[in-house]
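Heads up: the structure comes next, in structure tokens.
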Amino acid sequence: QVQLVESGGGLVQAGGSLRLSCAASGNIFSINAMGWYRQAPGKQRMFVASVADGNTTHYADFVMGRFTISRDNAKNTVYLQMNSLKPEDTAVYFCRAGRKYAGIWSPDDYWGQGTQVTVSS
């Protein structure tokens, strides 16, 4: 099993920045990809960004150019640097870990508990 712990959320003004962290532990050898999703109240959980083996990254259109995903393999940690934040970015951000093949997530995956990001106007 894999456990994921997110941190770094908080309250920030529009135009500000935050950096989220997700630390993985347990059977990390079963993982070759990690990513971030977000869910606003009353809305569907949506993909934000992911990074896989070879540092292949993918971003949702609505964060392209503002957010950057990175990882530290030695620490089994993935980061999400969020710049130029907008009120629309307000959501609970969840870390995901699993395996991706040809850009597709396998059905077996793991999720963190989420961290709240609130952007004030």
Dump the intermediate steps for side-chain contact (heavy atoms from CB on, under 4.5 Å) on V78 and V51, then the final yes or no. CA-CA 8 Å; V78 65; V51 60; 3.9 Å; yes
Working for side-chain contact (heavy atoms from CB on, under 4.5 Å), residues T90 and V117: CA-CA 5 Å; T90 296; V117 171; 5.9 Å; no
Hey, can you pull the donor-acceptor pairs under 3.5 Å for the side chains in residues 42-49, sequence neighbours left out?
residue, atom, partner, partner atom, Å
R45, NE, Q39, OE1, 3.4

Donor-acceptor contacts under 3.5 Å from residues 22-36 side chains, at least two apart:
residue, atom, partner, partner atom, Å
S30, OG, N27, O, 2.8
N32, OD1, K100, N, 2.9
N32, ND2, K100, O, 3.2

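Listed by first and then second residue, the ring-ring contact (aromatic ring centres under 6.0 Å, His included) pairs that reach into residues 93-121 are Y37-W111, sequence neighbours excluded. Sorted by first and then second residue, the pairs that involve residues 74-91 and meet salt bridge (Lys or Arg N to Asp or Glu O under 4.0 Å), not counting sequence neighbours, are R38-D89, R66-D89. Applying the ring-ring contact (aromatic ring centres under 6.0 Å, His included) test to pairs two or more places apart or on separate chains, none has a residue in residues 60-86. Each disulfide bond (SG atoms under 2.5 Å apart) pair with one or both residues in residues 35-71, not counting sequence neighbours, would appear here, but there are none. Here side-chain hydrogen bond (donor to acceptor under 3.5 Å, both in side chains) pairs that include residues 51-64, with residues two or more places apart or in two chains, are N55-R71. Counting only residues at least two apart or on different chains, no disulfide bond (SG atoms under 2.5 Å apart) pair has a member in residues 34-94. Listed by first and then second residue, the side-chain hydrogen bond (donor to acceptor under 3.5 Å, both in side chains) pairs involving residues 13-22 are S17-N83 (not counting sequence neighbours).
Of all the heavy atoms in S121 and A14, the pair that sits closest is CA-CB, 4.4 Å.
Residues meeting the side-chain hydrogen bond (donor to acceptor under 3.5 Å, both in side chains) test with T118, sequence neighbours left out: Q116. Checked against salt bridge (charged side-chain N to carboxylate O under 4.0 Å, His left out), D109 has the following partners two or more places apart in sequence or in another chain: R96.
Atoms CD1 and CD, from I69 and Q81 in turn, are 12.0 Å apart once rounded to the nearest 0.5 Å.
Under a 4.5 Å side-chain heavy-atom criterion applied to ILVMFWY residues, the cluster that includes I104 comprises that residue alone.
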